[in-house]
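Small disclaimer: the values here were computed from a predicted structure and weren't measured. The figures here come from the full heavy-atom set of this structure, side chains too, leaving out hydrogens, waters and symmetry mates. A note on names: the letters A, B, ... follow the listed sequences, proteins ahead of strands, and every chain is numbered from 1.
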2 protein chains.
Amino acid sequence: MKKEIDNKLNSKNIKPTAMRELVLQVLIEQKTAISLPQLEHKFEKVDKATLYRTLKTFEKNKLIHSIDDGSGTVKYALCQDTCECMPEELHVHFLCTKCNQTLCLNDFPIPSISLPNNFSLESVNMVVKGVCSNCKK
Amino acid sequence: MKKEIDNKLNSKNIKPTAMRELVLQVLIEQKTAISLPQLEHKFEKVDKATLYRTLKTFEKNKLIHSIDDGSGTVKYALCQDTCECMPEELHVHFLCTKCNQTLCLNDFPIPSISLPNNFSLESVNMVVKGVCSNCKK
DNA sequence: ATTGTTGATGCAACCGGGTTGCAAAGTTAC
DNA sequence: GTAACTTTGCAACCCGGTTGCATCAACAAT
């Protein structure tokens with residue numbers, strides 16, 4: 001377990017510290033995207049700044065990606081193992097208006113789009129709001 | 001001029017006050033989306049809260065719509081005259097990474113998308129980042 | 001015109017997410 | 001063991017957004 005987590009960290013060139021192991025643990029157990037404030041609540045007593053920097057480190061090293069779902073707070077989710085966070089790999093994010101969970105629709109790539117003349121495209125953020133299958137039951 | 005502005009306000013059932021006329025004036029002159037803080041700078045001396053509530057009123061009455069372009073601050077832009085802010089009327093927003101302006105691509109509807117089984121769709125937010133035609137020159 | 005009601009405005013204060021500076025603790029290299 | 005570097009914890013700050021409250025303006029009824 002710990003072995004697996006350390007492997008993941010090492011494979012992304014992140015020095016495994018106790019803190020980082022704990023955070024990654026939570027991120028793995030978590031099936032949906034999680035925000036910094038939400039992450040804080042997962043622990044008895046943590047320092048916000050440390051969590052913040054941990055997430056930033058994870059993000060920089062492409063272990064996780066950040067998601068702006070329009071809720072006002074940025075959320076984070078694990079990248080796919082092979083992810084390099086390139087434009088082609090971008091997927092749609094879904095925000096359930098019932099349970100308020102945000103999730104990666106990894107199998108749903110963002111549709112390509114045309115732009116006005118002389119506009120060039122760098123990246124696209126696409127967030128779908130609706131009700132997830134869990135809340136539909 | 002003032003006539004035209006008051007007409008616009010009245011047509012959306014917004015009581016025309018001096019404040020609101022001023023704000024709408026700015027919004028009309030403005031070709032790109034504008035944030036509350038940016039709007040504040042357009043005036044010598046205004047109260048943030050008043051501007052805030054003015055924008056909220058405008059938004060509620062569908063004179064403007066809010067745009068979350070991922071920049072961290074919400075921006076606002078005039079709706080098309082006939083706009084009812086329905087899902088079908090949603091358009092793509094563009095954020096230029098050079099000039100940092102956000103604009104409505106009114107002629108570019110958001111492409112339809114498929115979702116996993118048992119997911120239902122309520123709305124979609126799509127923001128494209130890139131370089132606008134102005135900055136390309 | 002006077003009063004009363006409603007809505008708009010201005011001011012101050014607050015909230016919460018995000019971020020940084022700095023010193024202490026931990027880790028690594030030599 | 002010591003020096004160099006990294007990570008952590010604490011505090012404080014920034015800024016956009018938001019609310020409470022008192023004041024002021026607009027308007028209606030009498």
Side-chain angles (χ1 to χ4, degrees), chain A residues 2 5-6 8-10 12-27 33-61 63-77 95 100 102 127, chain B residues 2 5-6 8-10 12-27 33-61 63-77 95 100 102 127:
Chain A
K2 177 169 179 310
I5 288 184
D6 283 0
K8 234 180 164 73
L9 289 172
N10 284 322
K12 298 284 184 177
N13 291 311
I14 302 167
K15 207 193 296 178
T17 67
M19 193 70 224
R20 290 171 180 170
E21 286 165 357
L22 284 172
V23 172
L24 180 50
Q25 176 88 49
V26 171
L27 288 174
I34 189 171
S35 68
L36 174 55
Q38 285 169 343
L39 193 55
E40 262 184 280
H41 292 143
K42 291 269 177 181
F43 299 93
E44 287 288 315
K45 179 181 171 303
V46 252
D47 177 44
K48 195 175 46 154
T50 305
L51 282 183
Y52 171 73
R53 286 185 275 232
T54 302
L55 289 176
K56 284 294 183 191
T57 304
F58 284 6
E59 187 183 11
K60 183 152 54 73
N61 293 44
L63 177 58
I64 64 178
H65 61 282
S66 67
I67 305 165
D68 185 339
D69 61 5
S71 69
T73 71
V74 179
K75 298 203 176 72
Y76 299 88
L95 172 58
N100 224 34
T102 300
V127 178
Chain B
K2 178 171 179 307
I5 288 184
D6 282 2
K8 234 180 164 75
L9 288 172
N10 284 321
K12 299 284 186 176
N13 291 310
I14 302 167
K15 204 194 300 178
T17 67
M19 193 72 224
R20 289 170 181 172
E21 287 165 356
L22 284 172
V23 173
L24 180 49
Q25 175 88 50
V26 171
L27 288 173
I34 189 171
S35 68
L36 174 55
Q38 286 170 343
L39 193 55
E40 262 185 281
H41 292 144
K42 292 268 178 181
F43 299 93
E44 285 289 314
K45 179 182 171 301
V46 253
D47 178 43
K48 195 175 47 156
T50 304
L51 282 183
Y52 171 75
R53 284 186 275 234
T54 302
L55 290 175
K56 284 292 183 192
T57 304
F58 284 6
E59 186 183 11
K60 182 152 55 72
N61 292 45
L63 177 56
I64 63 178
H65 61 281
S66 65
I67 305 166
D68 185 338
D69 61 5
S71 68
T73 71
V74 179
K75 298 203 175 71
Y76 299 88
L95 172 58
N100 225 33
T102 301
V127 178

Exercise for the section: Determine the sole option in B:D68, B:L39, B:D69, B:I34 for which the side chain to side chain contact (heavy atoms under 4.5 Å, CB included) test with B:K75 is passed. Expected result: B:D69
Interatomic distance, [X] [atom1] vs [N] [atom2] [rounded to whole Å]:
X	N	atom1	atom2	answer
B:M19	D:dC24	CE	P	18 Å
A:L9	D:dT7	CG	P	12 Å
B:R20	D:dA26	CZ	C1'	12 Å
B:K56	C:dA8	NZ	C1'	18 Å
A:K48	D:dC14	NZ	C1'	11 Å
B:E40	D:dC15	CD	C1'	11 Å
B:D47	D:dC21	CG	P	17 Å
A:H41	C:dG17	NE2	C1'	12 Å

Give one of base, sugar-phosphate or nothing for [X], where a contact means two heavy atoms less than 4.0 Å apart.
X	value
B:T50	base
B:V74	sugar-phosphate
B:K45	sugar-phosphate

Completion exercise
Ranking C:dG18, D:dG17, C:dC11 by distance to the side chain of A:L36, first place goes to C:dG18
Problem - Given C:dT20, D:dG20, C:dT19, the nucleotide with the shortest approach to the side chain of B:R53 - result: D:dG20
Does [N] have OP1 or OP2 sitting under 4.0 Å from an N or O in the side chain of [X]?
X	N	result
A:K15	C:dT28	no
A:T17	D:dT8	yes
B:Y52	D:dT18	yes

Exercise for the section: Mark yes or no for whether B:N61, through its side chain, and B:L63, through its backbone, hold a donor-acceptor pair below 3.5 Å. Expected result: no
Exercise for the section: Keeping the roles fixed (side chain from B:R20, backbone from B:K15), state whether a donor-acceptor pair exists under 3.5 Å. Expected result: yes
Handout entry: Between CG on residue B:L22 and CZ on residue B:F43, distance to nearest 0.5 Å
Key = 5.5 Å
Exercise for the section: With the side chain counted from C-beta on, respond yes when B:Y52 and B:K48 share a heavy-atom pair under 4.5 Å apart, and no when they do not. Expected result: no
